[in-house]
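Along the sequence shown, the residues carry numbers beginning at 1. Note that this is a predicted model, so its numbers are computed, not measured.
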Amino acid sequence: MRIELAQLPCEDGNLQANLKTALAAIARTRSDSDLIVFPETFLSGFPTPENVASLAQPLDGHAVSLLLGAAREHKLSIAIGLAEACDGRFFNTTVLLTPSGLAMSYRKVHMWASDQGVFAPGERIECCEWRGLQVGTLICYDIEFPESARAQAILGTELLLVTDGNMDPFGPVHRRAIVARAMENQMFAVLVNRCDRNSSGTGLQFPGESVVVDPFGEIVAECGAGPEQRVVELDLTVLTRARAQYDYRKERRIGLGGAVHQDKNGRRWFSVEPENTPPSA
Ligand code: BAL
């Protein structure tokens, strides 16, 4: 399994420029790569309450259709973050696009400060079958809550894709969190972070440091601080080896609450039983 980490700068508020950057990255992928992963809200950058309506995209809109065309052209799957518009509300969403279409869309459940007043929180953890693997997605702040990745494990996720927009000084927090989430759930984790150092006046600095962690919690590959498009080979046999002597998912004794659901297309999700719901946008 070959995955490309698109640790590339995006411009807050500039949808066209970010879409162009994404399509160019897709165009330069290796012909034998299976998936490219971009950071959180890569298409929009971090929206504000003032500009989210102009930046947010419907999942059946032009921007996503261009990416679907690129997925078909390059026989490649794409995980990318965007601001989603749906029924007058806005969500911080990651989509998994394949040459066959939209495989999954996940709405960030845990709202960071920059999400509040902009996005409504998601209400379910999702996974789907992709290339013979159970694949799930989380977004940035989600990985700081162990129950998010544990919900993915309960769904059967073997490959966790994290679109990240983790700013300084929280680089170490996500490095520790992603290793823990991979190890304690015995799954691969692919985290791709923003790396822009001065994003259009927000004052936020993004350290990059994208990383791939195996089900033992070992680092498979890691990026530095600057822009790069890193090709990483996953040895999927590690999944079986990591679970050979013990399997946390099967042997756990404490439940999360919430329920597992599945639709006729095999999409599975875990309904969130929020103990507290942040102020919605
Ligand atoms: N530690 C940052 C979390 C977020 O931006 O979602």
L138 vs R181, side-chain contact (heavy atoms from CB on, under 4.5 Å): CA-CA, chis, key distance, verdict = CA-CA 11 Å; L138 292 175; R181 299 299 87 84; over 6 Å; no
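- Under the 3.5 Å distance criterion, the side-chain polar atoms of T98 are left unmatched by any main-chain donor or acceptor of S77.
- In the hydrophobic cluster analysis, where Ile, Leu, Val, Met, Phe, Trp and Tyr join through side-chain heavy atoms closer than 4.5 angstrom, L155 is grouped together with L160.
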ask   = How far apart are the C-alpha atoms of W269 and D263, what are their side-chain angles, what is the distance that settles it, and do they pass the side-chain contact (heavy atoms from CB on, under 4.5 Å) test?
value = CA-CA 9 Å; W269 67 92; D263 68 12; 3.9 Å; yes
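- Using cut-offs of 30° and 60° on the angle between ring planes, the pair Y246 and Y248 is tilted.
- Interatomic distance, CZ of R89 versus CZ of F119, reported as 12.5 Å (0.5 Å rounding).
- For CZ of R176, the number of neighbouring non-hydrogen atoms (other residues, nucleotides, ligands) closer than 6.0 Å is 12 at most.
- L8 is listed as a side-chain neighbour of F42, based on a closest heavy-atom distance under 4.5 Å.
- Side-chain N or O atoms of E251 include one that pairs as donor or acceptor with a backbone N or O of D247 at under 3.5 Å.
- There is a path of hydrophobic side-chain contacts, each under 4.5 Å, that joins W130 to V37.
- With values rounded to the nearest 0.5 angstrom, R72 atom CZ is found 10.5 Å from L67 atom CG.
- A distance of 9.5 Å separates CZ in R107 from CD in E123, rounded to the nearest 0.5 Å.
- In this structure a side-chain-to-backbone donor-acceptor pair under 3.5 Å is present from N193 to G208.
- Side-chain contact between N185 and R150 is present, with at least one heavy-atom pair separated by less than 4.5 Å.
- Using a 4.5 Å heavy-atom cutoff, the side chains of H174 and E144 are in contact.
- Salt bridge K75/D32: absent, no basic N to carboxylate O contact under 4.0 Å.
- The backbone N or O of C127 lies less than 3.5 Å from no partner atom in the side chain of Q134, so there is not a single donor-acceptor pair.
- A distance-only check finds a donor-acceptor pair linking the side chain of D142 to the backbone of H110 [under 3.5 Å].
- With rounding to the nearest 0.5 angstrom, the OG1 atom of T94 is 7.5 Å from the CG atom of L82.
- By the 4.5 Å heavy-atom criterion applied to side chains, L96 and C128 are counted as neighbours.
- Side-chain atoms of D34 come within 3.5 Å of backbone N or O of R2 as a donor-acceptor pair.
- When hydrophobic clusters are built by joining Ile, Leu, Val, Met, Phe, Trp and Tyr residues whose side-chain heavy atoms come closer than 4.5 Å, directly or via intermediates, L161 is not grouped with V95.
- The shortest side-chain heavy-atom distance between D235 and R241 falls under the 4.5 Å cut-off.
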inquiry  = Test side-chain contact (heavy atoms from CB on, under 4.5 Å) on D164 and F206; report intermediate values, then the result.
reply    = CA-CA 10 Å; D164 214 26; F206 295 90; over 6 Å; no
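- Remark: L236 CG to L159 CG distance equals 8.0 Å, nearest 0.5 Å.
- S44 contributes no side-chain N or O that, together with a main-chain N or O of L55, makes up a donor-acceptor pair within less than 3.5 Å.
- Note on L35: it clusters hydrophobically with L239, by side-chain heavy-atom contacts below 4.5 Å among ILVMFWY residues.
- Each of L66, L97, T21, L76 was scored for a side-chain contact (heavy atoms from CB on, under 4.5 Å) with I26, with one residue passing: L76.
- The hydrophobic cluster containing V135 also contains V212, counting ILVMFWY residues as joined when their side-chain heavy atoms lie under 4.5 angstrom apart, directly or transitively.
- Shown here for M187 and A149, the closest heavy-atom pair between the two residues is CE-O, 3.9 Å.
- How far CD of E40 is from CG of L191: 10.5 Å, rounded to the nearest 0.5 Å.
- In this structure, the ring of W112 has its center less than 6.0 angstrom from the ring center of F170.
- Under the 3.5 Å distance criterion, the side-chain polar atoms of Q186 are left unmatched by any main-chain donor or acceptor of A182.
- In terms of heavy-atom proximity, E4 sits nearest to S33 at OE2-OG, 2.5 Å.
- In terms of heavy atoms, Q152 sits closest to G136 at OE1-CA, 3.4 Å.
- By the 4.5 Å heavy-atom criterion applied to side chains, Y106 and I125 are counted as neighbours.
- Taking every heavy atom of both residues into account, P121 and V109 meet most closely at CB-O, 3.6 Å.
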request  = Please report the C-alpha distance between R230 and E222 in whole Å, then the side-chain angles of each, then the deciding distance to 0.1 Å, and finally whether the salt bridge (Lys or Arg N to Asp or Glu O under 4.0 Å) criterion is met.
outcome  = CA-CA 9 Å; R230 170 73 68 92; E222 53 191 330; over 6 Å; no
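- Put simply, the side chain of N14 gets close to the backbone of A17: a donor and an acceptor are under 3.5 Å apart.
- The shortest heavy-atom contact between L68 and L102 is CD2-N, 4.0 Å.
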request  = Would you check, one step at a time, whether the test side-chain contact (heavy atoms from CB on, under 4.5 Å) holds for V118 with F90?
outcome  = CA-CA 7 Å; V118 178; F90 306 113; 5.8 Å; no
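- The shortest distance between side-chain heavy atoms of C10 and N18 falls below 4.5 Å.
- Across every non-hydrogen atom of M111 and K108, the tightest pair is CE-O, 3.2 Å.
- Counting heavy atoms from C-beta on, the side chains of T41 and F46 come closer than 4.5 Å.
- A side-chain donor-acceptor contact under 3.5 Å links Q7 to the backbone of E209.
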